[in-house]
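Below: the structure, in structure tokens.
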Amino acid sequence: MDSRFVATVMRSTGSWYDLWASGGVFRARLRGKLRLAGSRSTNPVVVGDVVEVDREGDEYWIAAVMPRRNYVIRRSTNLSRESHIIAANLDQALVVASLREPRTSYEFIDRFLVTCEAYGVPATVVLNKVDLLPPDEVSHFVGVYGLAGYRVILASGTSGEGVGELGEFLRGRTTLVSGNSGVGKSTLIGAVSPGLDIRTGAVSRAHGKGMHTTTFSTMYLLDSLANETSSEVSQPAAPPSGGLNAQPLRASGTFVIDTPGVKGFGLIGIEPAELARYFPEMLAVSGGCGYYNCTHTHEPDCAVMAAVERGEIAQERYVSYLKMLEEDGKHR
Ligand SMILES: Nc1nc2c(ncn2[C@@H]2O[C@H](COP(=O)(O)OP(=O)(O)O)[C@@H](O)[C@H]2O)c(=O)[nH]1
Ligand SMILES: [Mg+2]
Ligand SMILES: [Zn+2]
């Protein structure tokens, strides 16, 4: 081994990894023993991971994954027990939704928000494609998530509305951007950072769904929002020859993780009895329920159902809760 240093995973394809250290991006592979160690999740090394890398001539090998500060995980498919970690070491997460071309379901958004609550990642909602919506539909959507305590950023990747607000929101942090395929994730990231080479897909008219142009989760350093360290990163460069003290520069930049669109978002590691805890607006009132183990489905003296009746908890969010309770109960 010529040297060992620390780098950040910018992209993971399963067979090779793009790593970043000291302003340079380079490709590495995974040591066999690591592949086995991670066999319980479908991916042992994920975007956002900080890894130790061995340099051997012009080859780079990931030798170890540093402990994760946090991560966001989903069930690989609805029926599977396998889990898929989407990204690690996040400051915050964004779920991008659209109500036309395609329509994101409330349940999808809420599954993502529940996962973020459960795994300790602050989440915000972006309603994109507001150029396609009448004002009353926009305000209804804002109301649903406002009651739950979430910030909603209204945006249009094509008209530019909300792009400035989004840029401010992203600046200096590492953000996971998730959402259905075609809602405009790549377009928005590109609008925030026009210099970035990010591919977006046109919506196919036949299905109203976006094409799969983002195949792997990819972390970008947004040049236009970043500090002085960022300019060389778009070109692959030689990694540092120094030792373990060659720290990744994560603290100083704006990092955004663009993800391939997912159809569903299976919960993992969340028991039905604790689900309501991850709906902040339900957690806030559930102390008033008559039973300490109230499931908020049929019990008398249920403070959550009463709040739904009074319009203090959005019907849409409560319906999502019931669906998750029922769906995920089946897979246990
Ligand atoms: N009308 C409208 N179309 C948009 C908007 N943002 C993105 N699109 C279009 O939606 C399609 C999918 O966008 P893309 O960014 O690839 O979606 P992704 O799959 O979420 O990354 C493209 O044809 C975009 O031009 C928007 O705000 N309004
Ligand atoms: Mg995309
Ligand atoms: Zn209750």
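Whatever order the structure lists ligands and atoms in, that order sets their numbers, starting from 1.
In the candidate list Val130, Thr259, Asn128, Asn128 is nearest to atom 6 (N) of ligand 1, counting heavy atoms. Taking each of Ser98, Ser178, Gly157 in turn, the one with a heavy atom nearest to atom 27 (O) of ligand 1 proves to be Gly157.
When the N, O or S atoms of His296 are ranked by distance to the Zn ion (ligand 3), ND1 comes first.
The aromatic rings of Tyr106 and His140 lie perpendicular to each other, with more than 60° between the two planes, well past the 30° mark. Aromatic ring pairs are classed by plane angle as parallel below 30°, tilted from 30° to 60° and perpendicular above 60°; the pair Tyr321 and Phe279 is perpendicular.
In this structure, Pro134 and Arg100 approach most closely via the heavy-atom pair CD-NH2, 3.7 Å. Contact detail for Pro280 and Glu117: the closest heavy-atom pair is CG-OE2, 3.7 Å. A pairwise comparison of heavy atoms in Gly288 and Ala303 identifies C-CB, 3.6 Å as the closest pair.
Atom numbering of ligand 1 starts at 1 in the shown order; those under 4.0 Å from a heavy atom of Ser181 are 19 (O). Residue Asp131 approaches ligand 1 through these ligand atoms, each under 4.0 Å from one of its heavy atoms: 1 (N), 2 (C), 26 (C), 27 (O), 28 (N). Close approach of ligand 1 to Val183 is summarised as follows: ligand atoms under 4.0 Å from at least one heavy atom of the residue are 17 (O), 20 (O).
Here the angle centred on the Zn ion (ligand 3), running from SG of Cys294 over to SG of Cys289, is 110°, rounded to 10°.
In summary, Ser186 places an N/O/S atom under 2.8 Å from the Mg ion (ligand 2), meeting the contact criterion.
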*Would Gln92 and Thr175 count as a side-chain hydrogen bond (donor to acceptor under 3.5 Å, both in side chains) if you check the C-alpha gap in whole Å, the side-chain angles of each, and the deciding distance to 0.1 Å?*
CA-CA 5 Å; Gln92 56 188 11; Thr175 308; 2.9 Å; yes

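Contacts of Leu132 with ligand 1, taken as heavy-atom pairs under 4.0 Å, involve the side chain alone.
Residue contact check for ligand 1: Gly261 places no non-hydrogen atom closer than 4.0 Å to it. Residue Gly179 places every heavy atom at 4.0 Å or more from ligand 1.
With hydrogens and angles ignored, the 3.5 Å screen pairs no side-chain donor or acceptor of Asp54 with any backbone N or O of Arg4. Of the possible donor and acceptor atoms, one in the side chain of Lys185 sits under 3.5 Å from a partner among the backbone N and O of Asn180.
Considering backbone and side-chain atoms alike, Asp258 places every N or O at 3.5 Å or more from each N or O of ligand 1.
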